[in-house]
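The structure's right below; bear with me while I get my questions together.
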2 protein chains.
Amino acid sequence: MSHDAVRQKFQDFLAEQGLRVTNQRLAIFDAALAQKEHFTAEQLLVHAKAIDDSVSRATVYRTLPLMTGSHALREVDIGSGEKFYLRVTDSNQVAQVVCLDCDKIFEISAPFMEWYGSTVSLKLGLKPVAQRLQVSAQCIAYRSNGRCPNRLKK
Amino acid sequence: MSHDAVRQKFQDFLAEQGLRVTNQRLAIFDAALAQKEHFTAEQLLVHAKAIDDSVSRATVYRTLPLMTGSHALREVDIGSGEKFYLRVTDSNQVAQVVCLDCDKIFEISAPFMEWYGSTVSLKLGLKPVAQRLQVSAQCIAYRSNGRCPNRLKK
DNA sequence: ATCGTTGCAAAGTATTTGCATCGGT
DNA sequence: ACCGATGCAAATACTTTGCAACGAT
């Protein structure tokens, strides 16, 4: 789906919910969709401010649930204090592999997850809503020579 | 394994690390192992205080990593702000099913998880350390008649 | 002209830390 | 006696919220 189509879908979502289409919301939306990798609320604020300087941190936090609610973004929680977000491309059947050395998050497909969630939830009398699988791992390269090929920060 | 055996293992772990066996650490340990269900740091503080009133919040937070490090407890993060802990009984190959209606956490076995973690991590050049699978679901009973059989709070 | 939306700063929530004192070894 | 461990309160990190001004419909 093109950017414009996804953008339109977001605007339709806002309309359906009786919410207004504001410049700030669109700036945050465009900034979010431009990200190729996982990003935090704080990083999104910086990029959104570059588009529209009037965007505030509060509005970013208030807009993120709207974007996940309209399925434009997916929330990725790796249990590290802050939450990450990622543009929705394919399906929800993805797992995250988090490198403990370089903090990089890899997304990989996990086609069996949905089946598993359904099977197990129904057995408990529950209706599955979402599932997530996260693998924590360490760089083999880092272990052996002290350098992590994917290292970003620190 | 009996409580005494696990307790001894914890004390051995402390000794190995050059750490001291204090009354506070033992009170926190005993309180944690007495819990049958998932608990938070705050809940653990209450129970540990009942055993030894001198236990403080800071010591609970400082002791939790020691207990997970010695594999007496397992950390369970459901992405809800606070972390949960659970006594280790069997293996690590368990997944959590979280009911969005009643906040109850069900633990279920997921024997394929470890295989999956290894396969995928190695493909990325990573050494798997841990994996977790979490399914979010809703009570079917609650959806239909407004009551959740497992409801605890709220 | 409404009434939802915004920015700001203050508040909230979960957890961590500095420091003087305490207590295991 | 040494030096790690503790309680307390302050600090931190991320996110949420109250409120008066703003702006989309």
Side-chain angles (χ1 to χ4, degrees), chain A residues 7 10-29 31-32 38-46 48-70 73 75-85 103 153-154, chain B residues 7 10-29 31-32 38-46 48-70 73 75-85 103 153-154:
Chain A
R7 201 176 201 260
F10 179 58
Q11 297 197 29
D12 291 347
F13 173 83
L14 292 177
E16 274 168 33
Q17 308 283 310
L19 301 171
R20 292 171 184 171
V21 176
T22 65
N23 287 334
Q24 288 90 341
R25 281 174 179 165
L26 290 179
I28 294 167
F29 177 87
H38 297 77
F39 57 89
T40 63
E42 201 62 28
Q43 294 168 337
L44 179 56
L45 171 62
V46 173
K49 260 190 183 314
I51 297 174
D52 180 341
D53 190 56
S54 78
V55 170
S56 72
R57 180 173 289 107
T59 302
V60 167
Y61 277 106
R62 285 189 273 232
T63 304
L64 279 168
L66 301 178
M67 293 193 289
T68 56
S70 69
L73 295 185
E75 188 182 287
V76 177
D77 188 319
I78 63 166
S80 69
E82 65 192 339
K83 283 175 181 165
F84 290 84
Y85 295 87
D103 293 331
K153 54 179 181 180
K154 265 185 190 169
Chain B
R7 202 177 200 261
F10 180 59
Q11 296 197 31
D12 291 347
F13 173 83
L14 292 177
E16 274 169 33
Q17 308 281 312
L19 300 171
R20 292 171 182 168
V21 176
T22 65
N23 286 334
Q24 289 90 338
R25 280 174 178 164
L26 290 179
I28 294 167
F29 177 88
H38 297 77
F39 57 90
T40 62
E42 201 61 30
Q43 293 168 336
L44 179 55
L45 171 62
V46 173
K49 262 191 181 314
I51 298 175
D52 179 342
D53 189 57
S54 78
V55 170
S56 73
R57 180 173 289 108
T59 300
V60 167
Y61 276 106
R62 285 188 273 235
T63 304
L64 279 168
L66 301 178
M67 294 194 288
T68 56
S70 69
L73 295 185
E75 188 182 286
V76 178
D77 187 318
I78 61 166
S80 70
E82 65 193 338
K83 284 174 180 163
F84 290 83
Y85 296 88
D103 294 331
K153 53 179 180 177
K154 268 184 190 170

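Naming: A, B, ... by sequence-line order, numbering from 1 per chain. Side-chain atoms are counted along with the backbone in the values below, which use heavy atoms only and exclude waters and symmetry mates.
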Side chain of K83(A) (C-beta onward), nearest among dT6(D), dT25(C), dT15(D):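 Out of dT6(D), dT25(C), dT15(D), the nucleotide with an atom closest to K83(A)'s side chain is dT15(D).
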Interatomic distance where CD belongs to E82(B) and C1' belongs to dT16(D) [whole Å]: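 So the CD-C1' distance, E82(B) to dT16(D), works out to 16 Å.
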Minimal non-hydrogen separation, D52(A) against A27(A), with atom names: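 Here D52(A) and A27(A) meet closest at CB-CB, 3.7 Å.
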Min side-chain heavy-atom separation F10(A)-L66(A) under 4.5 Å: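 Counting from C-beta outward, F10(A) and L66(A) do come under 4.5 Å.
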M67(B) vs I28(B) side-chain heavy atoms within contact, under 4.5 Å: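 They are in side-chain contact.
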Spacing between L66(A) atom CG and dT6(C) atom C1', to the nearest angstrom: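 Computing the L66(A):CG to dT6(C):C1' distance gives 13 Å.
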Nearest-nucleotide comparison on DNA chain C, the residue closer to the 5′ end among V21(B) and R57(B):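 The answer here is R57(B).
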Distance, rounded to the nearest Å, where L14(A) contributes CG and dT25(D) contributes C1':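 In whole Å, dT25(D) C1' and L14(A) CG are 14 Å from each other.
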Any R25(B) side-chain N or O less than 4.0 Å from OP1/OP2 of dA5(D):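 Yes, R25(B) has a side-chain N/O under 4.0 Å of OP1/OP2 on dA5(D).
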Closest-nucleotide ordering on DNA chain C, the 5'-leading residue of A41(B) and T59(A):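 Nearest nucleotide further toward 5': that of T59(A).
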Flag, side chain of T59(A) to backbone of V55(A), donor-acceptor distance under 3.5 Å: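 Here the side-chain-to-backbone pair does not exist.
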5' priority, DNA chain D, between G18(B) and R62(B) [closest heavy atom]: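 Comparing both residues, the 5'-ward one is G18(B).
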Under-4.0 Å side-chain N/O to phosphate OP1/OP2 contact, Y61(B) with dT15(C):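 Checking dT15(C) against Y61(B), a side-chain N or O does come within under 4.0 Å of OP1 or OP2.
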Exam field: side chain R25(A) to backbone R20(A), donor-acceptor pair closer than 3.5 Å: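 Side chain of R25(A) to backbone of R20(A), a donor-acceptor pair under 3.5 Å: yes, one is there.
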Candidate nucleotides dA14(C), dT2(C), dT17(C), ranked by approach to the side chain of A58(B) - the nearest: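 Of all the options, the side chain of A58(B) is nearest to dT17(C).
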Proximal nucleotide (of dA5(D), dG4(C), dA14(C)) relative to the L19(A) side chain: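 Given the options dA5(D), dG4(C), dA14(C), the side chain of L19(A) is closest to dG4(C).
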Value in whole Å for how far the C1' atom of dA14(C) lies from CD of Q43(B):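 Going from CD in Q43(B) over to C1' in dA14(C) covers 13 Å.
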Interatomic distance, L26(A) CG vs dT5(C) P [rounded to whole Å]: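 The distance from CG of L26(A) to P of dT5(C) comes to 13 Å, rounded to the nearest Å.
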Closest listed nucleotide, where the reference is the side chain of R20(B) and the choices are dC3(D), dC8(C), dT15(C):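 Nearest listed nucleotide: dC3(D).
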Between dC14(D) (C1') and I78(A) (CD1): distance, integer Å: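 It works out to 14 Å between those atoms.
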Value in whole Å for how far the P atom of dA14(C) lies from CG of L45(B):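 One finds 13 Å between P of dA14(C) and CG of L45(B), rounded.
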Short side-chain N/O contact to dT6(C) OP1/OP2 from T22(A), under 4.0 Å: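 For dT6(C), OP1 or OP2 has a side-chain N or O of T22(A) closer than 4.0 Å.
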Interatomic distance where CG belongs to L44(A) and C1' belongs to dT15(D) [whole Å]: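 Taking atom C1' of dT15(D) as the reference, CG of L44(A) is at 14 Å.
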